Amino acid sequence: MQQREKSFGIQMLSVQPDTKPKGCAGCNRKIKDRYLLKALDKYWHEDCLKCACCDCRLGEVGSTLYTKANLILCRRDYLRLFGVTGNCAACSKLIPAFEMVMRAKDNVYHLDCFACQLCNQRFCVGDKFFLKNNMILCQTDYEEGLMKEGYAPQVR
């Protein structure tokens, strides 16, 4: 039987003074703090809702937690333990699941590898790039290639 991963939201709630204190799912004590967290349909002290791996307080690192194999995890540890890894289309080295990547169609690249494969010019946010014959090209190299092939690029 395959276990499925799930992500869940975390809500921070203000404790109303006229309500009966709720029990914490982490330590089983009454929550008498000013705020409590609600996650997984349970209530938690802010200090008790932690990642099972790195012990970070999940209410501080975001509004989402992940569960799998009876573990409560932050996003980074969830991806590190259970995320899908792949190989960079440029250098063929493994890309860890938690690392930021660039994508072009079905290809995935390390950020440092996402550059023109002819002149090695790195791309900045907003730069045009072209994917031709599974190669990433800058606009200059792409247009030069078209000229050599006898096409004139269309300028709009």
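We count residues from 1, following the sequence as given. All values derive from a computational prediction rather than experimental measurement.
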ask   = Linking I/L/V/M/F/W/Y whenever their side-chain heavy atoms sit closer than 4.5 Å, directly or via other members, would Leu49 and Tyr35 fall into one cluster?
value = yes

request  = For residues Asn134 and Asn107, determine if any side-chain heavy atom of one lies less than 4.5 Å from a side-chain heavy atom of the other.
outcome  = yes

inquiry  = Do Glu46 and Arg57 make a side-chain contact, defined as non-hydrogen atoms from C-beta onward lying under 4.5 Å apart?
reply    = yes

Test item: Ile136 and Tyr109 side chains (from C-beta on) under 4.5 Å apart, heavy atoms = yes

ask   = Does the side chain of Leu73 reach to within under 4.5 Å of the side chain of Leu65, using non-hydrogen atoms?
value = no

task = I would like to know whether Cys53 and Leu81 meet side chain to side chain contact (heavy atoms under 4.5 Å, CB included); could you show each step before the answer?
result = CA-CA 10 Å; Cys53 286; Leu81 293 170; 3.5 Å; yes

ask   = Where is the tightest heavy-atom contact between Cys91 and Cys113, given as atom of each residue plus distance?
value = SG-SG, 3.8 Å

query = Are Phe8 and Leu37 connected in a single hydrophobic cluster, I mean Ile/Leu/Val/Met/Phe/Trp/Tyr linked by side-chain heavy atoms less than 4.5 Å apart?
reply = yes

ask   = Are any of the side-chain nitrogens in Asp127 or Arg122 under 4.0 Å away from the carboxylate oxygens of its partner?
value = no

request  = Applying side chain to side chain contact (heavy atoms under 4.5 Å, CB included), run through Ile31 and Tyr43 and close with a yes or a no.
outcome  = CA-CA 8 Å; Ile31 302 172; Tyr43 297 97; 3.9 Å; yes

inquiry  = For a quick test of reading the model, state the closest non-hydrogen atom pair linking Asn120 to Ala115 and the distance between them.
reply    = O-CB, 3.9 Å

Spacing of SG belonging to Cys51 relative to CZ belonging to Arg75, to within rounding of 0.5 Å = 13.0 Å

query = Would you call His110 and Val101 a side-chain contact if the rule is heavy atoms closer than 4.5 Å?
reply = no

query = Taking the inter-plane angle between the rings of Phe114 and Phe129 on a 0 to 90° scale, is it parallel (under 30°), tilted (30 to 60°) or perpendicular (over 60°)?
reply = perpendicular

message = For the SG atom of Cys27 and the NE2 atom of His45, what is their distance to the nearest 0.5 Å?
response = 4.5 Å

ask   = Are side-chain heavy atoms of Asp33 and Val15 found at a separation under 4.5 Å?
value = no

message = As an exercise, state the distance from CG of Leu13 to NZ of Lys22, rounded to the nearest 0.5 Å.
response = 8.5 Å

ask   = So how far is it from Lys42 NZ to Leu36 CG, rounded to the nearest 0.5 Å?
value = 15.0 Å

request  = Give the minimum heavy-atom separation between Ala104 and Leu131, together with the two atoms involved.
outcome  = O-CD2, 3.9 Å

ask   = How many angstroms lie between SG in Cys88 and NZ in Lys93, if you round to the nearest 0.5 Å?
value = 9.5 Å

message = Would you call the rings of Tyr66 and Tyr78 parallel, tilted or perpendicular, taking 30° and 60° as the class edges?
response = parallel

query = Which heavy atom in Cys119 sits nearest to a heavy atom in Cys138, and how many Å separate them?
reply = SG-SG, 3.9 Å

Arg76 atom CZ, neighbour heavy-atom count above 12 within 6.0 Å = no

query = Quick check: does any side chain N or O of Gln139 sit under 3.5 Å from a backbone N or O of Lys128, one acting as donor and the other as acceptor?
reply = no

inquiry  = Assigning hydrophobic clusters by single linkage (Ile, Leu, Val, Met, Phe, Trp, Tyr; side-chain heavy-atom cutoff under 4.5 Å), is Met100 placed with Leu94?
reply    = no

key: Leu58 side chain reached by Ile72 side chain, heavy atoms, under 4.5 Å   = yes

Lys50 and Cys56: CA distance, side-chain angles, deciding distance, side chain to side chain contact (heavy atoms under 4.5 Å, CB included) verdict = CA-CA 5 Å; Lys50 294 181 181 179; Cys56 71; over 6 Å; no

task = Please lay out, stage by stage, how Trp44 and Lys38 fare under the test side chain to side chain contact (heavy atoms under 4.5 Å, CB included).
result = CA-CA 6 Å; Trp44 309 76; Lys38 183 176 181 185; 6.0 Å; no

ask   = So do Leu118 and Leu137 actually touch side chain to side chain, heavy atoms under 4.5 Å?
value = yes

